Engineer: 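Below you'll find the structure I mean.
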Amino acid sequence: MDVSLIYIAATDTAVHVVGPDSVKALLIELDGMLQRARARRPDRPFDTLIFSDHGVAGGDPLINVSKTTKKALKQAGFRISKKG
């Protein structure tokens, strides 16, 4: 089994300092990268795990968006696991 790990640490700081829109381009590029990786080996299983310590939308006051994010991911066909 091939395993690839991508760790993007700067997104948390960017969101806190600049705001949620600061990582939009990065996430769009990450999505494209994952699609290209999947297309290279369509005959092999391709599981993607995305995790975060929290989800917060900027503005005043800050709004926790983890529930709406989970809902959107489920509607898109992703499985959401609970902490073990």
Side-chain angles (χ1 to χ4, degrees):
M1 168 183 16
D2 295 330
V3 175
S4 298
L5 301 173
I6 301 170
Y7 177 69
I8 306 171
T11 56
D12 189 58
T13 302
V15 171
H16 283 289
V17 175
V18 182
D21 290 337
S22 64
V23 295
K24 185 174 182 179
L26 181 139
L27 294 174
I28 290 170
E29 181 60 32
L30 177 61
D31 181 60
M33 184 185 71
L34 292 170
Q35 289 181 41
R36 290 187 298 276
R38 176 67 181 117
R40 281 195 297 268
R41 297 296 303 263
D43 57 319
R44 308 262 324 255
F46 191 89
D47 296 319
T48 303
L49 172 65
I50 300 173
F51 58 92
S52 174
D53 59 340
H54 59 80
V56 178
D60 188 22
L62 290 176
I63 302 165
N64 187 320
V65 296
S66 61
K67 287 183 182 178
T68 54
T69 301
K70 287 178 185 177
K71 182 179 178 182
L73 288 169
K74 285 180 182 179
Q75 288 175 340
F78 292 94
R79 292 184 313 239
I80 308 298
S81 66
K82 302 206 187 276
K83 292 180 181 178

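This structure is a prediction, so every number in the text was calculated from the model and none was measured. These values consider heavy atoms only, across backbone and side chains, with no hydrogens, waters or symmetry-generated copies.
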Engineer: Please identify each residue that fulfils side chain to side chain donor-acceptor pair (under 3.5 Å) with R40, with sequence neighbours left out.
Structural biologist: none
Engineer: What heavy-atom pair brings A39 and P42 nearest, and what distance separates the two atoms?
Structural biologist: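 Minimum heavy-atom contact is O-CD, 3.2 Å.
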Engineer: Report the distance from atom NZ of K74 to atom CZ of R79, rounding to the nearest 0.5 Å.
Structural biologist: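 Spacing of NZ (K74) from CZ (R79) equals 12.5 Å.
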Engineer: D47: what forms a salt bridge (Lys or Arg N to Asp or Glu O under 4.0 Å) with it, not counting sequence neighbours?
Structural biologist: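 With neighbours one apart ignored, the set is empty.
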Engineer: Could I get the full list of salt bridge (Lys or Arg N to Asp or Glu O under 4.0 Å) partners for R41, not counting sequence neighbours?
Structural biologist: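 Here the qualifying residues are D43.
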Engineer: Between L34 and R38, does the side-chain contact (heavy atoms from CB on, under 4.5 Å) criterion hold? Intermediate values first, please.
Structural biologist: CA-CA 6 Å; L34 292 170; R38 176 67 181 117; over 6 Å; no
Engineer: Who pairs with F78 by side chain to side chain contact (heavy atoms under 4.5 Å, CB included), at least two apart in sequence or on another chain?
Structural biologist: L73, A76
Engineer: Sequence neighbours excluded, which residues qualify as side chain to side chain contact (heavy atoms under 4.5 Å, CB included) partners of T68?
Structural biologist: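 So T68 forms a side chain to side chain contact (heavy atoms under 4.5 Å, CB included) with V65.
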Engineer: Could you list the residues that satisfy side chain to side chain donor-acceptor pair (under 3.5 Å) with Q35, not counting sequence neighbours?
Structural biologist: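 With sequence neighbours excluded, Q35 shows a side chain to side chain donor-acceptor pair (under 3.5 Å) to D31, given in chain and number order.
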Engineer: So, does R36 use its side chain to make a donor-acceptor pair with the main chain of G32 at under 3.5 Å?
Structural biologist: yes
